[in-house]
Amino acid sequence: MAKIITVTSGKGGVGKTTTSASISTGLARRGHKTVVIDFDVGLRNLDLIMNCERRVVYDFVNVIQGEATLNQALIRDKRVNSLYILPASQTREKEALTFEGVEKVLNELSETFDYIVCDSPAGIEHGALMALYFADAAVVTTNPEVSSVRDSDRILGILQSKSRRAEKGLDPVEEYLLLTRYNPDRVERGEMLSVEDVSDILAIPLLGVIPESQIVLNASNQGLPVILEDESDAGQAYDDAVARLEGEEREFRFLKADKKGFLARVFGG
Amino acid sequence: MPDADALQTMPCFQLKGANVPLTALELRYFEVEAFEETLRDKIRQAPGFFRDIPLVVDLSRYKGPSSELDFFQLIGICRRHSMHVVAVRGGDEDQQRLARNASLALLPASSRPESPAGPDQETASQDTPSPEPTAEAARPVEQEQTVPAESRLITQPVRSGQQIYAPDGDLIILAPVQAGAEVLAAGNIHVYGPLRGRALAGVHGRHTARVFCQSLEAELVSIAGHYKISEDLQEKGWKAPAQIQLKENVLAVSPLA
């Protein structure tokens with residue numbers, strides 16, 4: 001039985017796809033057979049970040065509509081052996097993701113995989129609801145700013161009321177906060193919400209804090225999940241997050257500004 | 001399913017007396033744009049609360065000319081906002097004839113005394129966002145003094161976009177009420193956590209209702225229709241444990257020591 005992890009946020013552009021790519025790669029790298037599904041029908045990006053866009057033949061919607069089998073549509077990652085990608089369709093509508101169709105695909109994947117990572121589209125419409133409905137755990141990706149926090153709060157409310165676990169009265173969906181684009185310098189200057197502020201407002205366990213970094217952008221452009229940039233702080237922060245997802249205790253890093261500004265050096269602040 | 005013969009001997013339906021609380025819309029004058037704007041404003045203050053409710057148009061305070069009383073337009077506007085006009089109450093013969101033409105039921109004029117908060121409700125900022133109970137609803141409310149009302153207990157955070165309603169009694173929340181969330185109760189509202197969203201206590205008009213919270217950061221607090229928005233709440237007790245009650249028709253915030 002696979003564990004279904006949905007990466008969601010409500011707000012767009014906060015780093016859901018980057019996070020889905022890194023978390024799925026991280027889980028696979030730790031020896032679990034993992035599949036990552038792009039639910040963003042019509043705006044597919046995951047294949048770009050996973051660098052497999054030139055190998056897409058069939059997609060998620062083809063499988064749902066019976067035009068291809070799962071084995072035909074799944075793309076095996078070239079870097080990590082136990083990782084597979086199920087790309088979204090670029091030409092269909094979000095409504096092509098039918099409830100029964102998604103359920104059937106997830107059930108079939110569940111038989112052979114350990115983890116299913118669902119990359120949710122932004123918003124709270126059909127595509128996002130389909131991505132979170134079957135979730136066992138949700139990684140709520142949030143930027144340290146008020147509108148993103150508000151939207152994450154909204155998504156948490158939907159998880160509690162509209163997910164399969166909520167409707168069937170099962171144990172609630174595990175909820176984790178992943179703070180991305182964190183800039184300790186700006187937090188110190190009071191220009192950005194701090195980790196404490198955000199976890200205080202959302203009141204769910206903190207899975208990780210990913211520092212804002214040029215490396216993330218470069219990696220995305222090269223089609224490389226950031227977690228594979230082992231030397232970078234963002235890559236290490238994702239690695240910590242994946243370890244925590246599996247119950248490991250790891251200290252939070254990269255929360256403090258490491259370089260002191262000119263004035264701070266002069267005045268020894 | 002019972003067989004056809006047995007069904008034939010049974011009467012098709014049965015009429016029963018029923019006491020249903022209704023919302024009365026006290027019409028002072030009718031002017032299409034002003035009416036729709038006011039209605040939209042009320043709904044914005046408590047979205048969801050007014051959805052699909054039956055409405056009685058009370059004409060006892062109607063000051064405008066009967067010729068301006070276009071029930072078809074009035075019904076249409078209410079319908080557009082998912083409210084259903086079912087009857088009129090009071091009004092003179094002319095007005096009742098107009099109502100009958102619009103297929104509305106006629107109810108006798110209210111016999112209850114004028115609301116004590118009457119003059120105060122003339123000011124727009126103090127106006128009631130929650131429906132006032134009609135005479136029919138007033139009776140069960142009085143009974144609540146002797147019979148303990150059903151309270152509602154919430155242990156999970158109330159998230160943005162969620163609405164929690166305790167229609168009969170108190171609402172007790174053991175978690176934060178987030179910005180963008182709305183909690184409503186006929187009685188008191190207790191929040192054992194920060195109150196960041198909207199809290200509307202005494203929605204049926206109970207003036208003695210109070211709101212308690214461990215940290216006052218609310219977008220709006222309302223008691224029996226008298227409300228204050230975040231801007232007006234900043235001066236006293238902000239981000240501190242506080243209770244809010246109605247004192248001489250004005251919301252008063254006091255610290256919870």
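Just so it is clear: chains get the letters A, B, ... in the order the sequence lines come, proteins before strands, and each one is counted from 1.
Only the side chain of A:Ile204 comes within contact range of chain B, with at least one heavy atom under 4.5 Å from a heavy atom of that chain. Proximity to chain B involves both the backbone and the side chain of A:Ile201, based on heavy atoms less than 4.5 angstrom apart.
Judged purely by atom type and a 3.5 angstrom limit, B:Arg159 has no side-chain atom pairing as donor or acceptor with the backbone of A:Gln160.
The two atoms that bring A:Leu202 and B:Gln178 nearest to each other are CA-NE2, 4.0 Å, heavy atoms only. Closest approach of B:Gln162 to A:Gly157, counting heavy atoms only: NE2-O, 3.2 Å.
Within 6.0 Å of the CD atom in A:Glu167, the count of heavy atoms belonging to other residues, nucleotides or ligands exceeds 12. Surrounding CD of A:Glu93 are at most 12 heavy atoms belonging to other residues, nucleotides or ligands under 6.0 Å away. By the 6.0 Å contact criterion, OH on B:Tyr192 is open, its count of non-hydrogen atoms from other residues, nucleotides or ligands being 12 or less. Around CD of A:Glu248, the count of heavy atoms belonging to other residues, nucleotides or ligands within 6.0 Å exceeds 12. Applying the 6.0 Å contact sphere to NZ of A:Lys104 captures no more than 12 heavy atoms from other residues, nucleotides or ligands. Counting heavy-atom neighbours within 6.0 Å of A:Glu246 CD, excluding the residue itself, gives a total above 12.
From B:Ser160, atom OG reaches atom CD1 of A:Ile155 across 10.5 Å, with rounding to the nearest 0.5 Å.
The choice from B:Ala181, B:Ala179, B:Gly180 that makes the most heavy-atom pairs within less than 4.5 Å of chain A is B:Ala179.
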